[in-house]
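Notes follow the structure.
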Amino acid sequence: MDELSPHPLVARARRLAADLLLPEAERVDQEGVPASHIEAVKRSGLLGVAAPVGYGGSGAPPAVQRETAEILAGACCSTWFVQTQHHTPVQTLVRGEAPVRDRLLGPLARGELLSGVAYAHLRSYPRRPVRVRRQGDGWRFDGTVPWYTGWGLNDVMLLAGATDAGEVVFAFAEARAQPGLRASPPMRLAALTAAHTVSLELDGLWLPADAVALHTSYEEWAAGDRVKTLHTSPAVFGVAEAALSLLDAEAAAPLRARLTTVRDRAYALASLPAQEERTEERLAVRAAAHEVLRAATTAAVVAGGGRALALTSRAQRLAREGLFLLVQGQTAQSRAAHLRMLGAACAPEDRR
């Protein structure tokens, strides 16, 4: 992006980060993302960054989507994580069924509503934490959603379950306690407790047919999801850049060079057509990006010394956010690739 004339959404993200997110980040980390932060994100137009212009969104190119994500994550990863859930429901509606698309895509694209997601459990298939079956002229959901972020902040959620026949159903529900839907107390986590994460118990939650955004075979959905989970999250680069900003120029220079190289590789791979999976290369780049993030956040703690262990320190917050990003969006495949890289790095040198 041209630094002299950034995209309007990049400029808004920078203002939001500088004026609100970064100054409040340590307090938010300890107290939780407040509704006022979400209202500020809604007003910024950033919830519509990937949404179609015809529905009130910006339809911004992928480079802008990635840059705004880096900015938000680097300023306050908890706020970024709550709002990033929103973009999958938007993209699902773009390709989804007409009734729910016509009802929700406009409000979501314009930032009038914030959506969460409850579908990552599908990646454990053939195990089915959430089961769904037809009931009358709608669908019944039963089971447990292990992780749901943004509870109490989101207006709606995109909920998914699997049928006995190996199909997956994605439908929208109001993000509130209701008959058939109960939330756990907020989880206490080592990082991003502020993001209001709970588990959801589903006991006969019924949703009408016109709430369904997608109904397809598991295999068809999983094929697209596998490629998406190979990508490196822009948040990795945003948090790493924030950590490097705490170092002096000499200490930051070599790490920033490594970061730039792996970011360029990751984004070049993300720009390839979906059918060009290049799985092993993507996994290697993803693991390499996390290693640069680990080095950058560790360097920030080292540079901060004992002061970095205070809960008011930005360095320790970024280090914990780096731990979170290690497992965010993780699959068995990406976990195995990263563990192989870590093992290879620790192998004894050949002394022959």
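Of the inter-residue distances, the one linking T84 atom OG1 with L72 atom CG reads 9.0 Å to the nearest 0.5 angstrom.
Applying side-chain contact (heavy atoms from CB on, under 4.5 Å) to L93 and the options D102, L105, T88 leaves one that passes, L105. The only option from V285, V262, L269, L283 that meets the side-chain contact (heavy atoms from CB on, under 4.5 Å) definition with T232 turns out to be V285.
Between the side chain of Q91 and the backbone N or O of A50 there is at least one donor-acceptor pair closer than 3.5 Å. Under a 3.5 Å cut-off, the side chain of H87 and the backbone N or O of V49 do not form any donor-acceptor pair. The backbone N or O of L309 lies less than 3.5 Å from no partner atom in the side chain of S313, so there is not a single donor-acceptor pair. One N or O on the side chain of Q83 and one on the backbone of W80 form a donor-acceptor pair closer than 3.5 Å. Although no hydrogens or angles enter the test, the distance criterion places a donor-acceptor pair under 3.5 Å between the side chain of T261 and the main chain of A257. No donor-acceptor pair closer than 3.5 Å links the side chain of N154 to the backbone N or O of V156. Between the side chain of R101 and the backbone N or O of G96 there is at least one donor-acceptor pair closer than 3.5 Å. Listed for the R320 side chain is a donor-acceptor partner under 3.5 Å among the backbone atoms of A190. Formation of a donor-acceptor pair under 3.5 Å by the Q65 side chain with backbone atoms of A60 is found in this model. Panel note: side chain H121, backbone R128; no donor-acceptor pair is recorded below 3.5 Å.
Annotation: salt bridge (Lys or Arg N to Asp or Glu O under 4.0 Å) contacts involving residues 211-240, sequence neighbours excluded, comprise R123-D225. For residues 226-268, the pairs satisfying ring pair (Phe, Tyr, Trp, His ring centres under 6.0 Å) are F237-Y267, with sequence neighbours left out. Residue pairs that meet the ring pair (Phe, Tyr, Trp, His ring centres under 6.0 Å) test with at least one member in residues 181-215, sequence neighbours left out, are W139-H215.
Heavy atoms from other residues, nucleotides or ligands lying under 6.0 Å from CZ of R103 number more than 12. Atom CZ of R307 sits in a sparse spot, with 12 or fewer heavy atoms from other residues, nucleotides or ligands closer than 6.0 Å.
Between the side chains of E201 and T144, a donor-acceptor pair is found at a separation under 3.5 Å. In this structure, a donor-acceptor pair under 3.5 Å is present between the side chains of E291 and H338.
At a threshold of 4.0 Å, the pair R317-E26 counts as salt-bridged, since one of the basic side-chain nitrogens sits closer than that to a carboxylate oxygen. Classification of D142 and R140 as a salt-bridged pair holds, one side-chain N sitting under 4.0 Å from a carboxylate O.
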From CA spacing to verdict: salt bridge (Lys or Arg N to Asp or Glu O under 4.0 Å), D19, R14: CA-CA 8 Å; D19 295 345; R14 288 176 179 166; over 6 Å; no

Step-by-step salt bridge (Lys or Arg N to Asp or Glu O under 4.0 Å) determination, E241 to R263: CA-CA 11 Å; E241 282 282 11; R263 180 199 278 122; 3.1 Å; yes

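No path of Ile, Leu, Val, Met, Phe, Trp and Tyr side chains, each step under 4.5 Å between heavy atoms, connects V117 with L114, placing them in separate hydrophobic clusters. Under the 4.5 Å side-chain heavy-atom criterion for ILVMFWY residues, a single connected hydrophobic cluster contains both V41 and V33. Residues Y55 and L47 are members of separate hydrophobic clusters, defined by side-chain heavy-atom contacts under 4.5 angstrom among Ile, Leu, Val, Met, Phe, Trp and Tyr. L153 and V198 are members of different hydrophobic clusters when ILVMFWY side chains are connected at heavy-atom separations under 4.5 Å.
Every residue two or more places apart in sequence or in another chain that forms a side-chain hydrogen bond (donor to acceptor under 3.5 Å, both in side chains) with S334 is listed here: T331. Applying the side-chain hydrogen bond (donor to acceptor under 3.5 Å, both in side chains) test to S199 and every residue at least two apart in sequence or in another chain returns S184. Checked against side-chain hydrogen bond (donor to acceptor under 3.5 Å, both in side chains), H37 has no partners two or more places apart in sequence or in another chain.
A perpendicular orientation is assigned to the rings of W151 and Y148, their planes being inclined by more than 60° (bins at 30° and 60°).
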